[in-house]
Amino acid sequence: MEAVKLHANGEIELKTPETPIAVVPDETERQTATETSKKSKKWLIRLDFLIVAAIIGSSIYWYYSRLTRVTLVQAIQTNITETITSKGRVGGIT
């Protein structure tokens with residue numbers, strides 16, 4: 001910033017300060033900056049939670065939708081004889 005001084009004879013004198021001038025924001029501007037950072041942190045936490053939930057959900061979906069191994073067994077036809085006793089038990093020969 002420069003200071004301007006007008007003399008009586010009409011001359012203009014410009015003075016520059018020797019030390020630089022620092023502009024410090026008011027307390028209200030500092031509070032809004034911290035409030036903004038708090039809000040952005042909250043949204044980042046929510047976004048992280050959503051991403052983790054999506055990863056867990058897709059992992060569960062993948063686990064249950066994958067193909068299961070099946071062993072094929074040839075069926076053999078056989079006779080089964082069942083007898084019913086007086087005690088209500090079922091027995092037989094295979």
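What you see is a predicted model, and the numbers here were worked out from it, not measured in a lab.
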- In the single-linkage hydrophobic clustering (I, L, V, M, F, W, Y; side-chain heavy atoms under 4.5 Å), do I55 and Y63 co-cluster? no
- Message: Just verifying a value: how many Å separate W43 CH2 and L50 CG, rounded to the nearest 0.5 Å?
- Response: 10.5 Å
- Query: If you group Ile, Leu, Val, Met, Phe, Trp and Tyr by side-chain heavy-atom gaps below 4.5 Å, do F49 and I45 land in one group?
  - Reply: no
- Message: Applying a strict under-4.5 Å side-chain criterion to I, L, V, M, F, W and Y, I'd like to know whether I51 and I56 cluster together.
- Response: no
- Task: Starting at OG of S37, measure out to CG of L44 and round the result to the nearest 0.5 Å.
- Result: 10.5 Å
